[in-house]
Amino acid sequence: MPELPEVEVTRRGIEPSLNGQAVVGVVARVPALRYPLPPDLGALIVGRRLTGVARRGKYLLLDFGRGHLLIHLGMSGSLRLVTASQPAAKHDHLDLLFGRKDRPLILRMRDPRRFGAVLWLEGDAEAHPLLKVLGVEPLTGEFDAIWLKRELAGLKAAIKPTLMDSHRIVGIGNIYASESLFRAGIDPRRAAGSVSRKRLEKLVPAIKATLSAAIAAGGSSLRDFIHSDGGSGYFQQQYFVYGRRGEPCRVCGRAIRELRQGQRATFYCAGCQK
DNA sequence: CCGACAACCTGTGAGC
DNA sequence: TGCTCACAGGTTGTCG
C-alpha cells in the first residue's frame, strides 16, 4: 500500500486530531510485526502528550517529547482514527488511545502481512540505524538533477530499481517508479549511470510531480489502502502505466508492456520511453 | 561498494 | 464452484 504519498496523506490525516492529545492507553494484540513491539509501550507513553507527527521517507515519527514512536506501514499497513465503539478487526494489531479515558480517540494500526514496524526511539531519532541510512527526500530542493547525476554516476544497475533504493532516494516505491519514468520518457531498463543530464532534468520534476499529484489526490487506493478517516484515495485512476499491461498507452496508444526487475513488476510504454 | 536473491506473512485473483 | 499457485504497495540481510 504505502509509498511516500500514502504515508504523507496518513500523516496529514492523523496529525490535526491527535496533536496535543495525551495517550490514555495502549492495546497491542500481537507481540511483533517485522520487529518485536516495544514490550513496555504503555509505560513509555501513557500520560505523555503527542507534540507532532513527522515523516521521514516512508516512516512516521510520533513525537512524545521524551522519545519518538516510529511507525512503518510495510506493504499492507494502514492507520485509522476510530472510536471505542468500533471493534478491532482481524489484523488490527495496535491501538493507541488518546484524549478522554471514557471516550478515547483511537489511532488503530492494521497490517495483514505484518511487514510493518513499531519501534520506540530514545534521543536523536535521526541517529537511529534505520533512519541514518536513508537517502534524500525527493520533495525537497536537495533533490535535483545535479545531485542525481552524481548519485547515479557509474551505476550499471537499471534506473527503475535504483530509483526505489531508499538508501539513495526515499519514498519512491514500485508504483511511482514506473509512473515517474513514463512521465520522463525513460526506459526503465536503462543503466542508471547512463541516463543523460538532460534526461535527469526531466526525471526529477517528473518524480516530484508524480508524488505531489498523488498526495493531492489523497494517495493511491490499491486493494487495502485506507485513509486515516476511512476514505480512499483516487490517484490510481490517473496511472499511466502501472497495472495496465496490454492496455493502450494514454499518450501514443501502443500496448503497455510488463517486465520483471529484481522481483518486482515494471510497466512501461515502448513507444514513449527510450 | 555493487548487484542478485531469499526472507518475512496473509490475502486475493487468475487460471484450470 | 473449488482448488492451486503466483503475486502484491517494502526493506533487511546475506552472499559472491
Side-chain angles (χ1 to χ4, degrees), chain A residues 1-11 29-37 55-60 70-79 89-94 109-119 128-135 138 150-180 188-194 207 210-211 214-215 217-227 232-239 241-246 258-267:
Chain A
M1 180 247 352
E3 301 186 27
L4 185 152
E6 291 77 20
V7 177
E8 178 60 22
V9 167
T10 299
R11 190 194 71 75
R29 301 185 184 83
V30 291
L33 298 173
R34 180 189 184 92
Y35 310 110
L37 297 180
R55 180 189 57 73
R56 177 74 176 98
K58 296 169 189 167
Y59 291 94
L60 288 173
L70 173 145
I71 297 178
H72 194 286
L73 298 174
M75 280 177 102
S76 61
S78 61
L79 293 175
K90 189 173 181 184
H91 296 295
D92 291 339
H93 302 311
L94 179 68
M109 181 180 188
R110 177 176 298 180
D111 186 6
R113 291 175 77 178
R114 279 180 270 138
F115 285 176
V118 176
L119 294 173
H128 187 277
L130 288 176
L131 300 183
K132 204 173 179 179
V133 297
L134 294 180
R150 290 190 59 167
E151 181 69 17
L152 302 183
L155 293 183
K156 291 174 185 162
I159 182 69
K160 190 259 188 172
T162 302
L163 289 181
M164 295 170 62
D165 181 354
S166 63
H167 302 112
R168 302 179 189 280
I169 310 162
V170 296
I172 306 175
N174 201 39
I175 294 175
Y176 299 119
S178 283
E179 292 297 311
S180 297
R189 298 164 295 184
R190 181 174 282 277
S194 79
I207 289 168
T210 301
L211 296 176
I215 293 170
S220 299
S221 176
L222 289 172
R223 277 190 291 279
D224 53 5
F225 178 68
I226 301 169
H227 275 296
S232 297
Y234 290 95
F235 188 72
Q236 85 284 354
Q237 295 167 9
Q238 300 172 31
Y239 289 166
V241 290
Y242 187 83
R244 300 191 64 240
R245 178 181 62 186
E258 177 177 358
L259 54 83
R260 298 235 130 225
Q261 291 181 296
Q263 301 139 124
R264 319 300 296 277
T266 299
F267 298 88

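In this text the structure is predicted, and so the values were computed from the model without any measurement. Sequence lines set the chain letters: A, B, ... in the order given, protein chains first and strands last, and positions in each chain run from 1.
Atom-to-atom distance recorded for A:N174:CG and A:M164:CE is 4.0 Å, nearest 0.5 angstrom. With values rounded to the nearest 0.5 angstrom, A:R11 atom CZ is found 13.5 Å from A:I71 atom CD1. The distance from atom CG of A:D92 to atom CZ of A:R110, rounded to the nearest 0.5 Å, is 4.0 Å. Atoms OG and CG, from A:S178 and A:L163 in turn, are 10.0 Å apart once rounded to the nearest 0.5 Å. The structure places CG of A:L94 at 11.0 Å from CG of A:D111, a figure rounded to the nearest 0.5 Å.
Nucleic acid contact class of A:A117 (heavy atoms, under 4.0 Å, all strands): none.
C:dG13 and B:dT10 are spaced 22 Å apart, taking the C1' atom of each and rounding to whole Å. Using atom P as the reference point in both B:dG11 and C:dT1, the two lie 22 Å apart (nearest Å). With P as the reference atom, B:dC9 and C:dC3 are 25 Å apart, rounded to whole Å. Remark: the separation of the C1' atoms in B:dC8 and C:dT4 is 22 Å, to the nearest Å.
Among all heavy-atom pairs drawn from A:P2 and A:G77, the shortest one is CG-O, 4.0 Å. Between A:I172 and A:E3, the shortest heavy-atom distance links the atoms C-OE1, 4.0 Å. Smallest separation of non-hydrogen atoms from A:T266 and A:Q261: OG1-OE1, 2.7 Å. Listed here is the closest heavy atom pair of A:P138 and A:I169: CB-CG2, 3.9 Å. Contact detail for A:Y59 and A:H72: the closest heavy-atom pair is CE2-CD2, 3.5 Å.
With sequence neighbours excluded, no residue forms a salt bridge (Lys or Arg N to Asp or Glu O under 4.0 Å) with A:R34. Evaluation of the salt bridge (Lys or Arg N to Asp or Glu O under 4.0 Å) rule for A:R245 yields A:E258 as partners, not counting sequence neighbours. Every residue two or more places apart in sequence or in another chain was checked for a side chain to side chain contact (heavy atoms under 4.5 Å, CB included) with A:A153, and none qualifies. Residues passing the salt bridge (Lys or Arg N to Asp or Glu O under 4.0 Å) test with A:R55 are A:E8, A:E137, sequence neighbours excluded. Under the rule for a side chain to side chain donor-acceptor pair (under 3.5 Å), the partners of A:T210 that lie at least two apart in sequence or sit in another chain are A:R183. In terms of the side chain to side chain contact (heavy atoms under 4.5 Å, CB included) criterion, residue partners of A:R114 (sequence neighbours excluded) are, by chain and number, A:L33, A:H93.
For the OP1/OP2 pair of C:dG10 and a distance below 4.0 Å, the side-chain nitrogens and oxygens of A:H72 include no atom meeting the criterion. Note on A:H167: every side-chain N or O is 4.0 Å or more away from OP1 and OP2 of C:dT11. When the side-chain nitrogen and oxygen atoms of A:K90 are compared with OP1 and OP2 of B:dG11, one or more of them lie within a distance under 4.0 Å. A:R264 has a side-chain polar atom (N or O) that falls below the 4.0 Å cut-off from OP1 or OP2 of C:dG9. Contact between the side-chain N/O atoms of A:R110 and the OP1/OP2 oxygens of B:dG11 is not found at any separation under 4.0 Å. Residue A:H91 has a polar side-chain atom (N or O) positioned under 4.0 Å from OP1 or OP2 of B:dG11.
As rounded to whole Å, 11 Å separates atom P of B:dG11 from atom CG of A:D111. Remark: P of C:dG9 and CD of A:E6 are 12 Å apart, rounded to the nearest angstrom. Here C:dG9 presents its C1' atom at 15 Å from CG of A:L79, a figure rounded to the nearest Å. A:H128 places its NE2 atom 14 Å from the C1' atom of C:dT11, with the value rounded to the nearest Å. For A:L119 and C:dG10, the CG to P distance is 19 Å, given to the nearest whole Å. Protein atom OH of A:Y239 is 12 Å distant from nucleotide atom C1' of C:dA8, rounded to whole Å. In this entry the distance linking CD of A:Q261 with P of C:dC7 reads 15 Å, nearest Å. When rounded to the nearest whole Å, the span between CE of A:M164 and C1' of C:dG10 equals 8 Å.
Taken residue by residue, residues 154-161 of chain A places heavy atoms nearer than 4.0 Å to DNA chain B at A:L155, A:K156, A:A157.
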List every contact pair, protein side and nucleotides 14-16 of chain B side both N or O, where the distance is under 3.5 Å.
none

Could you go through nucleotides 13-15 of chain C and list every protein N or O atom that sits under 3.5 Å from one of its N or O atoms, giving the distance for each pair?
none

Give every pair of a protein N or O atom and an N or O atom of nucleotides 5-8 of chain B that lie under 3.5 Å apart, one pair per line with the distance.
residue: B:dA6; atom: N7; partner: A:Q263; partner atom: OE1; Å: 2.8

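Nearer the 5' end of DNA chain B, as judged by each residue's closest nucleotide, is the contact made by A:T162, out of A:T162 and A:R114.
Counting only residues at least two apart or in different chains, salt bridge (charged side-chain N to carboxylate O under 4.0 Å, His left out) contacts with residues 158-180 of chain A comprise A:E151-A:R168, A:D165-A:R168.
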Problem set entry | Nucleotide pairing, DNA chain C (Watson-Crick or G-U, distances under 3.5 Å), in dot-bracket with [ ] and | | .|||||||.|||||||

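Counting only heavy atoms from C-beta on, A:M75 has its side chain closest to C:dG10 among C:dT11, C:dC7, C:dG10.
Looking only at distances, no side-chain donor or acceptor of A:T162 sits under 3.5 Å from a matching main-chain atom of A:A192.
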